[in-house]
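Structure, as structure tokens:
Reminder, nothing fancy here: chain letters follow the sequence lines and each chain counts from 1. As the structure is a prediction and not an experimental result, all values here were calculated from the model.
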Amino acid sequence: MAREGRGVPRREREPHRAFRRRGHEGFERRGRSSRCAYDADREAEIVTMRLRFAPSPTGYLHVGGARTAVFNWLLARKHGGVFILRIEDTDRDRSNEEHTRAILDGMSWLGIHWDEGPHFQSEGVERHKAEALRLLAEGKAYRDFSDAEAVREEARVRDMHPSRVAREQAEALGPEEAERRAEAGVPFAIRFRVPDGETRFHDLVHGEMRFGNDDIDDLVILRSDRTPVYNLAVVSDDANMGITHVIRGDDHLSNTPKQVLLYRALGFPEPVFGHVPLILGEDGKRLSKRHGATAVGEYADEGILPEAMINFLALLGWSPGDDREFMTLEELIDAFDAERILKKSSVFDTEKLSWLNGKHLAVKPSDQLVDHIRTRLRGQSSLRQELLDDQAWMETLLAVIKPRARTLDELADQARPFLLSDLAYEEKAVEKYWRKDPDAALDRLGRVAAAFEDADWSKEALEERLRALAEEMGVGAGKLIHPLRVALTGNMASPGIFDVLVILGRDRVSERIVEGVKRIREA
RNA sequence: GCCCCCAUCGUCUAGUGGCCUAGGAUAUCGCCCUCUCACGGCGAAGACCGGGGUUCGAGUCCCCGUGGGGGUACCA
């Protein structure tokens with residue numbers, strides 16, 4: 001059974017069929033009434049695409065969920081649809097306000113704005129319950145008085161589905177007896193009676209899907225404590241919200257036939273389904289905490305830009321079809337196409353995320369980066385805080401260090417030497433450029449300082465002076481630059497030395513050279 | 001166990017029967033640029049899971065196997 005999903009050529013999938021479906025209530029109609037009856041009818045069939053992201057509040061927004069959200073959102077933006085956020089909070093133990101807050105924060109950080117919601121699954125329990133009761137009244141579901149444990153055991157012994165054992169027992173009981181027990185207050189669960197035959201549905205990414213109903217359990221839709229079960233709740237909520245496209249993780253694929261059956265039994269129009277592959281860790285296993293950071297918030301903390309995260313997430317299981325990888329939001333929205341979503345799960349590669357982030361960082365205007373760096377460096381006592389407030393200076397600094405950083409964290413790290421009130425010297429640098437030949441270092445530092453004395457403090461003028469000095473001394477410019485770099489930054493590596501000079505300014509340069517000279521003498 | 005999904009360089013991917021001697025990106029390595037580190041440029045290495053079919057021709061279609069993932073709850 002269900003072999004059909006395989007090998008259905010992509011072109012034959014009909015992804016956007018749901019643009020022309022009728023029957024959803026409460027939809028925005030794109031057309032308005034027209035004098036031409038024929039056209040009006042046709043217009044009325046075209047409904048707005050309505051998508052939702054429905055995470056359960058587990059404490060944070062993980063990257064897999066975020067990717068699903070990105071796909072939904074991109075699709076909504078592309079087609080002028082509505083993107084809805086719904087929190088699946090019916091599992092009381094795992095849900096609380098704080099967890100919900102974390103999801104909302106993650107979404108906000110990404111910049112994925114929802115058009116409706118957040119709605120909460122728990123808001124619909126009365127409706128869910130009513131729908132379960134309705135199915136019972138219509139004979140499409142039955143009361144199950146059995147003991148779950150005992151049923152499972154018998155099913156194991158007789159090698160059959162537990163739910164079929166439950167069904168057997170319910171049938172043996174008979175409707176009158178069931179009614180009598182219910183009246184008497186004996187607790188029961190309500191199970192949906194799966195009809196014979198097979199269940200088919202269309203999936204945006206997998207194509208035509210078929211499941212033999214023999215393999216589908218009579219699922220409980222209302223627990224004996226009168227609370228609804230997930231599979232009923234989603235169907236009820238999605239139908240109630242007029243969802244046209246259910247784009248969600250692959251892990252729901254096997255549950256979908258149950259839901260389809262529920263849609264039909266309840267008389268609700270079916271949405272188009274699209275099951276996107278899961279994201280795996282570097283070892284090919286399902287992404288989990290032991291793979292390191294799995295929450296988008298952790299990447300935010302490390303200094304990943306939201307636009308880079310969206311770009312990266314969009315490229316996991318999808319590609320525009322050409323060689324583009326670095327893409328802006330607009331480009332993503334324009335290029336996104338559900339038909340090109342892959343079936344294969346992909347590995348979350350943080351290296352590539354960093355690279356992409358570097359690209360986004362490089363094109364990000366420096367003035368937009370200043371605040372990020374300020375918040376990262378603010379309050380550090382070793383840093384001259386007043387420099388952080390000098391907007392123009394900060395922008396110059398960031399423009400220079402930006403191309404050599406991949407994350408905001410790195411950017412902040414590279415900014416530190418320029419803000420330090422007392423420079424920290426890297427041991428390796430001191431050893432290599434000062435200690436090896438202290439006399440030469442002293443001499444060179446002294447001459448450089450003298451050459452800069454009355455120089456015009458511009459990149460060009462300083463470079464001219466330094467190179468002229470090197471020429472005069474008959475040494476390579478590097479011989480002067482390296483010890484100078486250690487004196488100015490304390491490090492082996494830094495931006496181009498003339499940029500460093502300009503950023504530091506005449507006074508701090510001479511201060512640092514004096515300090516350097518002092519240190520070399522002391523050593 | 002049963003049901004379902006998936007399978008191209010380490011990783012992300014292009015590929016819809018001949019354009020594939022399998023393309024791009026990342027990571028790795030080398031060279032260039034150069035005051036260092038990055039950036040950038042150039043180059044190297046690196047893949048169609050295995051076996052059967054179908055076809056004049058298969059990475060592409062079919063079957064089997066293997067591997068990975070998911071589901072199978074009175075979890076979501």
Side-chain angles (χ1 to χ4, degrees), chain A residues 1-3 5-7 9-12 54-58 88-91 93-95 121 144 148 152 156 159 161-163 187-191 203 206 209-212 214-217 219-225 227 229-231 233-234 249-258 275 277-278 280 282 284-286 312 315-326 342-356 358 362 401-406 410 414 429 433 463 466-467 470 476-482 484-486 489 491-498:
Chain A
M1 294 267 175
R3 279 282 135 67
R6 251 180 236 183
R10 190 179 285 150
R11 196 174 283 159
E12 286 165 31
S56 53
T58 48
E88 311 270 72
D89 62 341
T90 33
D91 186 355
D93 298 341
R94 274 159 50 178
S95 307
Q121 187 159 73
D144 175 8
R152 219 169 299 150
R156 200 185 56 76
D159 190 32
H161 286 286
S163 76
F188 60 88
I190 298 181
R191 277 186 193 273
D203 189 282
H206 294 278
M209 298 292 304
R210 295 167 64 167
F211 289 80
D214 286 349
D215 295 316
I216 305 174
D217 278 3
L219 61 150
V220 168
I221 52 179
L222 197 69
R223 299 185 185 95
S224 45
D225 66 0
T227 59
V229 157
Y230 171 76
N231 278 307
V234 242
D250 240 352
D251 48 339
H252 289 284
L253 193 54
S254 298
N255 279 327
T256 304
K258 297 177 187 172
H275 289 92
L278 262 19
L280 310 176
E282 262 142 65
K285 303 283 184 208
R286 189 177 187 161
F312 179 72
L315 256 21
L316 242 37
W318 175 83
S319 76
D322 48 43
D323 286 339
R324 283 181 296 170
E325 296 206 289
F326 173 81
L342 255 30
K343 298 191 261 198
K344 193 184 81 163
S345 48
S346 42
V347 173
F348 192 88
D349 181 10
T350 49
E351 285 289 350
K352 192 149 186 176
L353 206 211
S354 294
W355 165 77
L356 236 200
I401 58 181
K402 211 168 52 171
R404 59 202 79 219
R406 293 183 138 196
E410 286 178 23
Q414 300 201 28
Y433 295 117
E463 175 152 15
L466 187 136
R467 290 200 188 279
K479 293 285 186 231
L480 302 180
I481 289 172
H482 293 306
L484 179 60
R485 166 171 291 114
V486 182
T489 68
N491 295 132
M492 296 272 290
S494 84
I497 199 72
F498 305 107

What does [X] touch in the nucleic acid at a heavy-atom separation under 4.0 angstrom: a base, only the sugar-phosphate, or nothing?
X      : answer
A/A477 : nothing
A/D251 : sugar-phosphate
A/I190 : nothing
A/G476 : nothing
A/S224 : base
A/L253 : sugar-phosphate
A/P495 : base
A/R485 : base
A/E282 : nothing

Side chain of [X] only, please: which of [options] is the nearest?
X      : options                : answer
A/S56  : B/rA76, B/rC12, B/rC5  : B/rA76
A/R191 : B/rG69, B/rC74, B/rA14 : B/rC74
A/R286 : B/rU36, B/rG69, B/rC6  : B/rG69
A/L278 : B/rG69, B/rG71, B/rC6  : B/rG69
A/L342 : B/rA14, B/rC12, B/rC74 : B/rA14
A/D217 : B/rA76, B/rC12, B/rU72 : B/rU72

Identify the two heavy atoms, one from A/D144 and one from A/R191, that lie closest to each other, and give their separation to 0.1 Å.
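What the structure gives for the nearest pair is OD2-NE, 2.7 Å.
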
Do you know which two heavy atoms are closest between A/D225 and A/T227, and how far apart they sit?
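Result for this residue pair: OD1-OG1, 2.6 Å.
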
What is the per-nucleotide protein-contact pattern of nucleotides 22-32 of chain B, from the 5' end, where B denotes a base atom under 4.0 Å from a protein heavy atom, S denotes such proximity for sugar-phosphate atoms only, and - denotes neither?
--BBSS-----

Where the side chain of A/D322 meets the backbone of A/R324, is there a donor-acceptor pair that is under 3.5 Å apart?
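Here the side-chain-to-backbone pair exists.
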
Answer yes or no: is there a donor N or O on one side and an acceptor on the other, between the side chain of A/S354 and the main chain of A/T350, under 3.5 Å?
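Checked: pair present.
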
So that I can tick it off, tell me whether A/D251 and A/R286 are bridged by a salt bridge, with the cut-off set at under 4.0 angstrom between side-chain N and carboxylate O.
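Judged by the 4.0 Å cut-off on N to carboxylate O distance, A/R286 and A/D251 do form a salt bridge.
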
Pick the [atom1] atom in [N] and in [M], then give their distance to the nearest Å.
N      : M      : atom1 : result
B/rG10 : B/rU16 : P     : 22 Å
B/rA76 : B/rA58 : C1'   : 43 Å
B/rG41 : B/rU34 : C1'   : 13 Å
B/rC5  : B/rC9  : P     : 22 Å
B/rA38 : B/rC19 : P     : 41 Å
B/rU13 : B/rC6  : P     : 15 Å

Any [X] side-chain nitrogen or oxygen under 4.0 Å from OP1 or OP2 of [N]:
X      : N      : value
A/H206 : B/rC6  : yes
A/R404 : B/rG40 : no
A/K344 : B/rU8  : yes
A/K285 : B/rG69 : yes
A/S494 : B/rU36 : no
A/R467 : B/rC35 : yes

Which residues pass the ring-ring contact (aromatic ring centres under 6.0 Å, His included) test with A/F498, not counting sequence neighbours?
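A/F498 satisfies ring-ring contact (aromatic ring centres under 6.0 Å, His included) with no other residue.
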
For A/H252 and B/rG70, do the ring centres fall under 5.5 Å apart while the planes stay under 30° apart?
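The base of B/rG70 is not stacked with A/H252 (the test needs centres under 5.5 Å and planes under 30°).
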
